[in-house]
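All remarks here apply to the structure that follows.
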Amino acid sequence: MRYQRPKGTADILPGQSEAWHFVEETARLLFGDYRYNEIRTPLFESFDVFARSAGDTSDVVTKEMYDFHDKGDRHIALRPEGTAGVVRAYVENKLYGPEFAKPYKAFYIGPMFRYERPQSGRQRQFHQVGVEAFGSDSPALDVEVIAMATQFFETLGLTGLRVAINSLGDAESRENYRQALIDYLKPHYDELSDDSKERLEKNPLRVLDSKDPKDQQFVEDAPSILDYLTESAQAHFTEVKALLTELKIDFEIDETMVRGLDYYNHTIFEIMIESEAFGKGYTTVCGGGRYSGLVKEFGGPADVSGVGFGIGLERLILLLDSEGIEMPTANDLDVYVVGIGDETSHETLKLVQAIRGFGFSADRDFLDRKPKAQFKSADREKASFVMTLGQNELDAGTVNFKSMVTGKEDTIKLSDIYEDFPQIYDQHFEE
RNA sequence: GCGGUAUUGGUGAAGUGGUUAACACACCGGUUUGUGGAUCCGGCACGCAUGGGUUCGAUUCCCAUAUACCGCCCCA
């Protein structure tokens, strides 16, 4: 094997790509119903676009960015997620201007890149679908976004969703909580895992995410961020909960759910699902939340906030597969044209072309194979009908028309097929 | 970035330091000089991820590299 695909990449082959279309089309249609329109931004951006949005010290920037210098010595990075590019485009195209609807709602679908160690469902090139809505602080928009995500999964046929929400409050709430958390954890410093010791220094909220069982014991008794929300932050969260209840969307509050970045505030949420595909327990298939400051960071107005989510498509399709959800496969073949003898090649090609011209699918043999082998191909491609054309038919100006379902055969004039194939098709399909 | 397991044909896989690398599925051909899903028969790895090394001899042992998978880190 001379060449192999780059580490952490995958070929999506015919047979699988139909499932991708299904998921993507479902997203396009549904998001359209919510009046989110597709935005397509470059797969690569200036390195700074992502470094800016993620913070210079985060692992994403230092470790996971797929970056390089181009021939003009520009520092380029392949996009590791969708939000930064969308925000950049929002600001660069001045979509906050008065002529645009507010909130400005957009979705994206496409490949993302992270230079990390591949594992199942984690690749260096992977795909996400996500949405962003800018320019409204309304809790109703938070809930619309959550509702859209849950409806997306339900439309795909998934059940047993679990919606977890939390609030990080505003900047003041976060600062108060951060200090409280440090005060709580500091006395236990020596008992924490090495990883969490470091987290405590760099990003205390991350300790809440630790997988270490000992850490988790401390986390259980840690103060809750919800007790540190300012009055207005509290009001926002209360309204979100009320609206979710109104929409009959079941949710639970996870006080330990956090985000690493400072830009997140108020509502954050994850949608989880229990599936064999990812071992036991619930796995997150969608993460999202509200953020502020990003637009300003990119040079836009200071007061424009955003809310959105991202969904990893590889994981989602793994999930749909393991849940046995029916997804469309390659479309069936209407007609297979069997040609017998070299002399028929011209006519069989004209036939398939004519049938395709009428909007039906048609195929023929290209390997000079015998009739039996051609019938096998027709069978494998699930052809509804087979037309057989040999010297006899050619002389008579006819074709043998066989239904692969009933096995019934009929002789049809070539001229009739060229004139009105749909009529012949309908007539025989009825039987 | 760290640790572990694995790598045999189109696929699933068995196998051994020594002459022809099981078996099954798929595919191709024949049985039927022009008709599918069945039966039977035949074909299908000069090769065991790649590169070195040990050995009289390696797919089998050792080392390196690549890739996949699992765990950690991280996951905006």
Side-chain angles (χ1 to χ4, degrees), chain A residues 1-10 13 49-65 79-87 112 114-124 126 128 130 132 193-196 198-199 202-203 205-206 209-212 258-264 268 270 278-279 283-284 287-289 291 293-294 297 306 308-310 312 315 333 336-341 344 365 367 369-394 399-409:
Chain A
M1 204 67 82
R2 195 63 208 261
Y3 293 105
Q4 18 184 215
R5 57 182 179 263
K7 189 188 188 85
T9 60
L13 304 173
V49 167
F50 304 116
R52 204 23 100 78
S53 74
D56 299 325
T57 58
S58 74
D59 259 42
V60 174
V61 173
T62 57
K63 239 168 64 175
E64 293 182 7
M65 201 86 93
R79 62 183 188 190
E81 51 94 27
T83 303
V86 172
V87 173
M112 307 290 164
R114 289 181 200 182
Y115 197 89
E116 65 181 349
R117 192 77 159 243
Q119 287 173 33
S120 172
R122 296 180 70 170
Q123 296 164 188
R124 288 186 170 182
F126 60 104
Q128 282 190 338
E132 312 290 345
S193 68
D194 290 343
D195 287 331
S196 285
E198 204 180 318
R199 291 190 187 104
K202 282 167 58 179
N203 196 341
L205 299 198
R206 277 264 160 238
D209 260 350
S210 176
K211 285 174 191 158
D212 186 288
V258 295
R259 290 283 186 272
L261 302 192
D262 292 339
Y263 294 108
Y264 275 94
I268 58 174
E270 292 183 358
F278 309 108
T283 314
T284 302
Y291 48 87
L294 254 189
E297 187 71 27
F309 63 71
R315 302 187 124 215
L333 177 60
Y336 191 97
V337 178
V338 170
I340 303 165
T344 59
D365 171 73
L367 298 174
R369 292 186 304 162
K370 300 194 165 176
K372 180 189 173 74
Q374 296 189 43
F375 265 86
K376 275 191 166 178
S377 297
D379 191 51
R380 192 164 54 236
E381 293 188 52
K382 295 194 183 66
S384 304
F385 298 104
V386 170
M387 288 184 191
T388 309
L389 184 79
Q391 193 58 54
N392 298 342
E393 288 80 4
L394 214 48
V399 72
N400 182 291
F401 193 83
K402 176 174 183 173
S403 163
M404 293 298 272
V405 181
T406 65
K408 280 177 62 179
E409 299 187 45

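Proteins come first, then strands; the chains are lettered A, B, ... in the order of their sequence lines, and each starts at number 1.
- Between Arg259(A) and Glu270(A) there is a salt bridge, with a side-chain nitrogen of the basic residue lying less than 4.0 Å from a carboxylate oxygen of the acidic one.
- Take the nearest nucleotide of RNA chain B for Gly407(A) and for Pro118(A): the residue whose nucleotide is more 5' is Gly407(A).
- For the pair Asp379(A) and Lys376(A), the salt-bridge criterion is not met [side-chain N within less than 4.0 Å of a carboxylate O].
- Taking atom C1' in both U32(B) and A45(B), one finds a spacing of 32 Å when rounded to whole Å.
- Of the residues in residues 372-379 of chain A, those placing a heavy atom less than 4.0 Å from an atom of RNA chain B are Lys372(A), Ala373(A), Phe375(A), Asp379(A), in numerical order.
- A donor-acceptor pair is defined here as one N or O able to donate and one able to accept, closer than 3.5 Å; such a pair exists between the side chain of Arg52(A) and the backbone of Glu297(A).
- Following rounding to the nearest Å, Asp365(A) (CG) and C28(B) (P) show an atom-to-atom distance of 11 Å.
- Lys370(A) has no side-chain polar atom (N or O) that falls below the 4.0 Å cut-off from OP1 or OP2 of U33(B).
- Of the P atoms belonging to U7(B) and U60(B), the separation is 12 Å, rounded to the nearest Å.
- A38(B): no Watson-Crick or G-U partner with both key distances under 3.5 Å is found in any strand.
- Taking atom P on both nucleotides, C61(B) is separated from A6(B) by 11 Å, rounded to a whole Å.
- Rounded to whole Å, the separation between the C1' atoms of G51(B) and A13(B) comes to 27 Å.
- In this structure, the CZ atom of Phe385(A) is 16 Å from the C1' atom of U35(B), given to the nearest Å.
- The CD atom of Glu116(A) sits 13 Å away from the P atom of C73(B) (whole-angstrom rounding).
- Smallest separation of non-hydrogen atoms from Ala378(A) and Met404(A): CB-CE, 4.4 Å.
- Residue Arg315(A) is out of contact with every strand shown, counting any heavy-atom pair closer than 4.0 Å.
- Between G47(B) and G30(B), the two P atoms lie 29 Å apart (nearest whole Å).
- At the phosphate of C75(B), OP1 or OP2 sits under 4.0 Å from a side-chain N or O atom of Arg206(A).
- Residue-level contact check: Tyr264(A) touches the backbone only, with heavy atoms under 4.0 Å from sugar-phosphate atoms and none from bases.
- Partner assigned to G71(B) is C2(B), using Watson-Crick or G-U wobble distances below 3.5 angstrom.
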List every contact pair, protein side and nucleotides 65-67 of chain B side both N or O, where the distance is under 3.5 Å.
residue: A66(B); atom: O2'; partner: Gln4(A); partner atom: OE1; Å: 2.3
residue: U67(B); atom: OP2; partner: Lys7(A); partner atom: NZ; Å: 3.3

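- When rounded to the nearest whole Å, the span between CZ of Arg122(A) and C1' of A68(B) equals 15 Å.
- Of all nucleotides listed (G1(B), G34(B), C75(B)), G34(B) comes nearest to the side chain of Glu393(A).
- Nucleotides C44(B) and A21(B) are separated by 12 Å at their P atoms, to the nearest Å.
- Comparing Arg380(A) and Ala383(A) against RNA chain B, the residue whose closest nucleotide sits nearer the 5' end is Arg380(A).
- Across every strand in view, C44(B) sits unpaired, with no contact that passes the Watson-Crick or G-U test at under 3.5 angstrom.
- Between the C1' atoms of C2(B) and A76(B), the separation comes to 23 Å (whole Å).
- Evaluation of atom-type donor-acceptor distances gives a pair under 3.5 Å for the side chain of Asn392(A) against the base of G34(B).
- Out of G29(B), C72(B), G30(B), the shortest distance to the side chain of Arg369(A) is found at G29(B).
- G42(B) sits 25 Å from C48(B) when the C1' atoms are compared, rounded to a whole Å.
- Using the Watson-Crick or G-U wobble rule with both distances under 3.5 Å, A64(B) pairs with U50(B).
- The CG atom of Asp195(A) sits 16 Å away from the P atom of C2(B) (whole-angstrom rounding).
- Between Arg199(A) and C73(B), a side-chain N or O to OP1/OP2 separation shorter than 4.0 Å is present.
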CA sep, side-chain torsions, deciding dist, call: Ser403(A), Glu409(A), side-chain contact (heavy atoms from CB on, under 4.5 Å): CA-CA 6 Å; Ser403(A) 163; Glu409(A) 299 187 45; over 6 Å; no
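- With hydrogens and angles ignored, the 3.5 Å screen pairs no side-chain donor or acceptor of Glu381(A) with any backbone N or O of Ala383(A).
- Figure legend. G10(B) is base-paired to C25(B); pairs are counted as Watson-Crick or G-U wobble with both atom distances under 3.5 Å.
- When rounded to the nearest whole Å, the span between CD of Gln391(A) and C1' of G34(B) equals 12 Å.
- Under a 4.0 Å N-O distance rule, the pair Glu116(A)/Arg124(A) does not qualify as a salt bridge.
- Distance CG (Asn203(A)) to P (C73(B)): 15 Å, rounded to an integer number of Å.
- Glu270(A) comes within contact range of no nucleotide atom at all, as no heavy-atom separation falls under 4.0 Å.
- The distance from atom NZ of Lys211(A) to atom P of C70(B) is 13 Å, rounded to the nearest whole Å.
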